[in-house]
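Side chains are part of it too, since the values below use all heavy atoms of this structure and drop only hydrogens, waters and symmetry mates. Computed from a predicted model, the values in this text were never measured in an experiment. Order of the sequence lines sets the chain letters (A, B, ...), proteins ahead of strands, with each chain counted from 1.
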Amino acid sequence: MPETRPRIGVFVCHCGKNIAGTVDVARVAESVSRFPGVVYATHYEYMCSDPGQALVQRAIKEHRLTGVVVAACSPTMHEETFRRAAEEAGLNPYLVEIANIREQVSWVHTGFPATEKAIRVARTVVEKVQGNRPLRPAEVGVVRRALVVGGGISGIQAALDIANAGFEVILVEKSPSIGGHMAQLSETFPTLDCSQCILTPKMVEAARHPRIRLLAYSEVEEVSGFVGNYRVRIRKKPTYVDPAKCNLCGECEKVCPVRVPNEFDRGLSTRAAIHIPFPQAIPSTYTLDAQNCLGIVPLRCGKCVEVCAPKAIDFDMREEILEEEVGAIVLATGYELYPKEAMAEYGYGTVPDVIDGLEFERLLSASGPTRGEIRRPSDGKVPKEVVFIQCSGSRDPEHHKPYCSKICCMYTAKHALLYRHAVPDGQAYVFYIDIRAGGKDYEEFVNRAMQEERILYIRGKVAKVFREGEKVVVWGADTLTGKRVEVRADLVVLAQAVIPSPGTEELARKLRVACGGEGFLREAHPKLRPLEALTAGIFLAGAAQGPKDIPESVAQASGAAAKAVAILSAPKLEHAPEVAEVQEELCSGCGICVPQCPYGAITVDEVAHVNEILCEGCGTCVAACPSGAMTFRNVEDEQILRMVRAALEAADVGV
Amino acid sequence: MKVNLAVYWTGGCGGCDVSFLELGPNLLGVLSRVEIVFWPALVDTKREDLERLPPRSIDFALVNGVIRTAENREMAELLREKTKFLGAYGACAHLGGIPGLANQAHGILESVFGPNFRPAPPIEGYPEDAPAQVLFEALPLEDVVSVDFVVPGCPPPAGLVARFFQAALEGQISLGQVFAEEKALCEECPRKREERRITRVARPHEVLLDGEKCFLDQGVVCMGPVTRAGCGAACPKAGMPCTGCLGPTPKAGDPGLAMLSALASLVRAGEEGEAAFPEEDKILDGFVDPIGTLYKYAFAKYARSLAQLTKRREGMRA
Amino acid sequence: MSGFEPRIVAFLCRWCAAAGADLAGTSRLQYPPNAIPIRVNCSGRVEPQWVVEALKAGADGVLIGGCHPGDCHYVVGNYKTRRRIYLLHKLLADMGIEPERVRLAWVSATEGARFAQGMREFLAELKRLGPLHENGGEK
């Protein structure tokens, strides 16, 4: 801006009688007109009306104003209006400020003090405008491609929604197949439809979608950049099997001499080193697990290669590092169950017939290790008495996790009900603290389990679970009757707490996304921005953000996808220019500003740099900067100090 | 042509006068080009000699020390009158220095000896042996005369003194010049900055200090981030945190409050939130001497007027 | 000193306290006019230097209105402010200035009544403390 003397215009609004009924508006205009820097001051009945705005516009031109103060209602009402009007008249909109003399003066005070305060308020804002610089919103281009991390139901849904909106998606999944935990489930509450039956078509759709690039057995290594312009390094682990050639004949698996616990069956079965996680896996191919393979290093065993007719197995496959650019990122890294091994009271996971909810899902699943028959792990017998323990590790701030895992009430009811269907002469007990069935048709479902299926719900906590001969003894208390309860069960199912999937915090660190105390990804605002991370352009979906059931996960995934699409479809990203700014000639690079920023907008090399697209403009870093090198556009310290002095100077009310 | 030089010592420790020796052999070169017209610590010159000089006949005068007594003030005014370029030399003249901390008390003599204390000559002594007339406040030089430039430090480091002489001898001093860097000390500090969080506030002797790591990362308050560079980070290199003797960077404002804000911003007791408040307060309570740490040298210049408010009110009530 | 009218500068976060003050207005809740509001984006932008400058320039008290813990529009700005003001209170006390003259208040956008009430309480507190300045408030 050329170094000219400020020429400020002040426009005092009557707002009908809203202001003028209390505040002597003429006196305000008259008093402020004598304030240094003010060259024009007037008052008018309705400044926000068309004639009012025209008055402002005319004055801007006639008096060559370098700044405008409208003393009127709250800036939340008409700041936009007057800034637009000023822009039309050729004045940069950031040289317009509102002095709130209605909500904060005329409506709350009376008499002469109201007029005096109105004068002071107007003067402070005149001081501010004198220090304002003309600004222009920052603009940046957008890479029209999204990254979705995690191939569970949330990730699949988000990827499909974004791809169907017309944008490319890279879907990264850590394990050999997408599908996530939903693929492990038997039937889903409250409708009892088969989980795989509803999931598989979506998996196939994702795999076949022309705009989705599926990278299974891959992990995000590194992320840099910012909204609209992220650069991602993805490590694709070698599967040693060419998916294009593999015809799923399964000969390799039969000859493989290795047997290791099958992760997909939660260790209730075993698998070979070369394996397919489950028959419907996508990508539809075998994977050679190099850690357990005898063949790769050193080359000792090659039995699978010998039997592979299509010659799909390639021991020389190497890991690949892919560099991709994306405009938005959806994190859908899902959950894991709190380990049984952490449950001292329930035998530290050493009792074979004490299993967790996902293990029970595998027992219930038609494709599971028992083909859907419920047989307990220790001896394969059909359990006749099964105890389900809810809140195992949840809602227990002293020993385990303080929060409610949300899905357990429902899946435990489902488990008990499916067990009763499978073993009609069996007895199911459910220990619960209370039942939280807040969802569509959920309460009805639990009631059905209680009433129609004669499942015994016992309100109380289980103190101890231990093995005695072939039985698993459960000691608990019924808090409704106050009596001690002992059940000599054949099988105990723990509804273990839901925790973030392993690696969530590490990934969050790479992305500069915050995790809450319990390690779940933290949303930008708990109520108003539940789908977004604090870092612009990164969105959250599914249980990675907190325990969630399938419909909620899908809903959040679609929401996150819509948010991502909003970024990808914008011609350019615009960002308000009133943000922090480094005076590099004064910055010593001490780095105190960096941890102040919740948005990861500040980086430091020799000096600090603010990414103005990421900066949301809170100014916390500016107040923390000791040397004064970090400044805030149009809220400079000098401006505020002048405002403070103007607020306190004896009010020239003019008599 | 030699330039006329005056050096005077007001309320200070004398270290500033000695600091010229740090120029080492370069001092000889400097001395060959200056004419010392007044420097009581070095040559036998008296106040009368100064009074006899015509106005503006001294090219450069360096005043070190705080203005503590009426005589200090008179001498500063006298030097101002006789000098073309008057400089504050050292932290006391620049910021009030350590003697400036006396402004915490409500009149230093009154607060020590009681309200009825009056300076008087010793019994059977000469009147001129009476204690000097002590001013109510200890003031930086700029509060009694206009100051043209500053050679900061406690005492000014040799490099900056040399820089001053070079500029002075070449006639290259500009009004308001401070002979130090505009950036903060961190610019020169070799210590590694990593965590940028404070989980405990400790004094240097209370922790086993890592010589490679930033003091702040170890919970020790270092004034480096708010203090001008120019000394080569002498203290941090010698194992002690910066105490701020070169004064604040040009845009820092009040260095004590600027550093207070930075410190409080860096404190962390686990995840931020209401649950962490008590623990955060405990960490902040560990900061035992805010005034002495934040305003070791700059109290007179920056905090005096605030501290005076309470004293005025005490006066009002009395 | 019955005529003492304390002078107050109020730094208000635009998302919570300033909005709360607006709500006090739309609800027509009367409160004393002693405070001049200065709106900022976040209480985290408020610098201890501003507060002290206000005290030096004639204010008898300074109010900082920020979002309730957990509700900061910028997530964690108010936590920084809280710690800065906590430390500033210590410093002011060491200088002989009543820390109560600097008040940090959590006011949400829905708490118009709380804003008005807080203003009344702060004013009462400052009247109890008396003027900070020699000529303070006497008209």
Tightest non-hydrogen contact, residues Thr110(A) and Gln30(C), listed as CG2-OE1, 3.8 Å

Discussion item. Looking at Val108(A), is its backbone amide N or carbonyl O close enough to the side chain of Arg28(C) to form a donor-acceptor pair, meaning the two atoms are under 3.5 Å apart?
Written reply: no

One pair to check against side-chain contact (heavy atoms from CB on, under 4.5 Å): Thr26(C) and Trp107(A). What are the steps and the verdict?
CA-CA 7 Å; Thr26(C) 40; Trp107(A) 279 353; 3.5 Å; yes

Ranking Cys13(C), Pro48(C), Ala24(C), Pro37(C) by heavy-atom pairs under 4.5 Å to chain A gives rank one to Pro37(C)

Taking a cut-off of under 4.5 angstrom between non-hydrogen atoms, the residues of residues 112-124 of chain C near chain A are none

All heavy atoms of Arg7(C) vs all of Leu648(A), minimum pair found to be NH1-O, 3.0 Å

Would you say the side-chain atoms of Asn41(C) pair up with the backbone N or O of Gly617(A), donor to acceptor, closer than 3.5 Å? yes

Closest non-hydrogen atoms of Val9(C) and Ala647(A), given as atom of the first, atom of the second and distance, are CG2-CB, 4.5 Å

For Lys117(A), the salt bridge (Lys or Arg N to Asp or Glu O under 4.0 Å) test, sequence neighbours excluded, returns none

Greatest number of non-hydrogen atom pairs under 4.5 angstrom with chain A, of Arg45(C), Glu47(C), Arg14(C), Lys80(C), falls to Arg45(C)

Q) Less than 4.0 Å between a side-chain N and a carboxylate O, is that true for Glu79(A) and Arg39(C)? A) yes

Given Lys128(A), Gln596(A), Arg522(A), Arg529(A), the one with more heavy-atom pairs under 4.5 angstrom with chain C than any other is Gln596(A)

Residues 634-642 of chain A vs chain C, non-hydrogen distance cutoff under 4.5 Å, contacting residues -> Val635(A), Glu636(A), Asp637(A), Ile640(A), Leu641(A)

- Query: Quick check: does any side chain N or O of Gln104(A) sit under 3.5 Å from a backbone N or O of Ala18(C), one acting as donor and the other as acceptor?
  - Reply: yes

When the 4.5 angstrom heavy-atom criterion is applied to Val46(C) and chain A, the contacting part is backbone

The ring pair (Phe, Tyr, Trp, His ring centres under 6.0 Å) partners of His14(A) (sequence neighbours excluded) come to His43(A)

Working note: Gln49(C) + Val644(A), criterion side-chain contact (heavy atoms from CB on, under 4.5 Å); need CA distance, chi angles, decisive distance, verdict. CA-CA 11 Å; Gln49(C) 298 208 40; Val644(A) 164; over 6 Å; no

The interface call for Ala35(C) against chain A, heavy-atom contacts under 4.5 Å, is backbone

Pair count under 4.5 Å, heavy atoms only, with chain A: among Val75(C), Asp71(C), Leu23(C), Ile8(C), highest is Val75(C)

Report task. For His109(A) and Tyr31(C), indicate whether the former's side chain and the latter's backbone hold a donor-acceptor pair under 3.5 Å. Result -> yes

Tightest non-hydrogen contact, residues Gly44(C) and Ala623(A), listed as O-CB, 3.3 Å

